[in-house]
Amino acid sequence: MSFVEYSDFIQDGDVAVVYLGHESMMPVKVQQGAQTQTRYGAIRHSTDLIGQRYGSKVTCSKGGWVYVLHPTPELWTVTLPHRTQILYTTDIATITMMLELKPGSVVCESGTGSGSLSHAILRTIAPTGHLHTVEFHQQRAEKVAEEFKEHRVDHLVTVRNQDVCKDGFGVTGVADAVFLDIPSPWEAVRHAKAAMKKQGGRVCSFSPCIEQVQRTCEALVDQGFEEISTVEILLRIHDVRTVSLPLPDFGPDSLAQTQPDIAEKTPPIQASVAMKTTILPREMPGHTGYLTFATKPRT
């Protein structure tokens, strides 16, 4: 099992995702002789998981069942242990596209946080790219390094525990793209420029407050960045429902006009038609943050 390579069968030591329902999933470290408790009963790793094909339907000890899924960055985002606020798939997809990431890209990231975006970046740049990620908090840096090793992507990433605003990314002139998710990204813009290749590249900063965006844009201009733009990703999910709509009444038909006796004996029919439509949710998540993008000019 690897987050960047697909495996058919579950093996001892894998991280699998147990799917209990659309809103209920959890990651499980598969170990010989271990058990995982769910609301449907226990899952015995030795007999129920190891050797089974990913995607299998597994019956628990109480008779209920779950699916066991191969881990992906998207599934990890919704099941990972939160050590910080994280980025979700809507923002991650935009970041990946706008930074023009592809296999072989070299990326610098700060801060690493819980590693949600990091896993998506690693899948995109594999098998020949590399991620240099910087985390200020020592315990978080150590924990995310353990997870990268457990998820078998540690050969694609270098984790550094340092202050990116003071010490930079630890590399110079190598990055195709830089991502900043820190409280004061404007203090790291010059380090981002230094880490990027001379042939240009893209930078992205994520900030929840517009005042942070303003200061970051000023720093980007001062450092000579071009094509500066800020976007806000708002997601509206429409629920598909079947509804019954009454047919319009266009008045009496021609039969009723020519044969009134028949029309009087025929009771009126309330005709309706069933159709699919979409309904907006009463509540929806609002603002997550602003994404500011810029391009380093070619020199």
### Query
So Arg202 and Lys296, side chain to side chain contact (heavy atoms under 4.5 Å, CB included) or not? Walk me through it.
CA-CA 6 Å; Arg202 297 277 286 167; Lys296 179 185 176 184; over 6 Å; no
### Message
Run the side chain to side chain contact (heavy atoms under 4.5 Å, CB included) test on Leu75 and Met25 for me, step by step, so that the C-alpha distance in whole Å, both residues' side-chain angles and the decisive distance to 0.1 Å come before the verdict.
### Response
CA-CA 8 Å; Leu75 291 176; Met25 290 176 276; 3.7 Å; yes
### Query
Does the pair Tyr40 and Trp65 meet the rule for a side chain to side chain contact (heavy atoms under 4.5 Å, CB included), with working shown?
CA-CA 7 Å; Tyr40 303 120; Trp65 50 267; over 6 Å; no
#### Entry: Worked verdict on His45 versus Gln35 for side chain to side chain donor-acceptor pair (under 3.5 Å)
CA-CA 6 Å; His45 293 197; Gln35 291 188 7; over 6 Å; no
### Query
Where do Phe148 and Lys143 land on the side chain to side chain contact (heavy atoms under 4.5 Å, CB included) test, with the steps shown first?
CA-CA 9 Å; Phe148 288 144; Lys143 183 60 179 177; over 6 Å; no
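Counting only N and O atoms by type, the side chains of Ser2 and His151 include no donor and acceptor under 3.5 Å apart. Side-chain N/O atoms of Thr292 and Ser205 include no donor and acceptor closer than 3.5 Å. Under 3.5 Å, the side chains of Asp91 and Thr288 contain a donor-acceptor pair of N or O atoms. Side-chain polar atoms of Thr124 and Thr96 form no donor-acceptor pair below 3.5 angstrom. A donor-acceptor contact closer than 3.5 angstrom is absent between the side chains of Glu135 and Ser110. When only modelled atom types and interatomic distance are considered, Thr77 and Ser116 share a side-chain donor-acceptor pair under 3.5 Å.
Looking at Lys166 and Glu187, no side-chain N of the basic residue comes within less than 4.0 Å of a carboxylate O on the acidic one, giving no salt bridge. Salt bridge Arg83/Glu147: present, at least one basic N to carboxylate O contact under 4.0 Å. Using a cut-off of 4.0 Å between Lys/Arg side-chain N and Asp/Glu carboxylate O, Arg123 and Glu74 are scored as salt-bridged. One finds a salt bridge joining Arg152 and Asp14 here, because a Lys/Arg side-chain nitrogen approaches an Asp/Glu carboxylate oxygen to under 4.0 Å.
Within 6.0 Å of atom CD in Glu232, more than 12 heavy atoms from other residues, nucleotides or ligands are found, so the atom counts as buried in its surroundings. Within 6.0 Å of CZ on Phe136 lie no more than 12 heavy atoms contributed by other residues, nucleotides or ligands. Heavy atoms from other residues, nucleotides or ligands lying under 6.0 Å from CD of Glu142 number more than 12.
In this structure, Ser118 and Thr133 approach most closely via the heavy-atom pair OG-OG1, 4.4 Å. When every heavy atom of Ile182 is checked against every heavy atom of Pro185, the shortest pair comes out as O-CD, 3.2 Å. What you find for Ala294 and Ile228 is that their closest heavy atoms are CB-CG1, 3.8 Å. Scanning both residues, Gln37 and Met26, for their nearest heavy atoms gives O-CE, 3.9 Å.
Side-chain rings of Tyr19 and His22 stay apart, their centers remaining 6.0 Å or farther from each other. The distance between the ring centers of Phe169 and His132 does not fall below 6.0 angstrom.
In this structure, Trp76 and His119 have tilted ring planes: the angle between them lies in the 30° to 60° band.
At a threshold of 4.5 Å between non-hydrogen side-chain atoms, the residues Gln32 and Ile50 count as touching.
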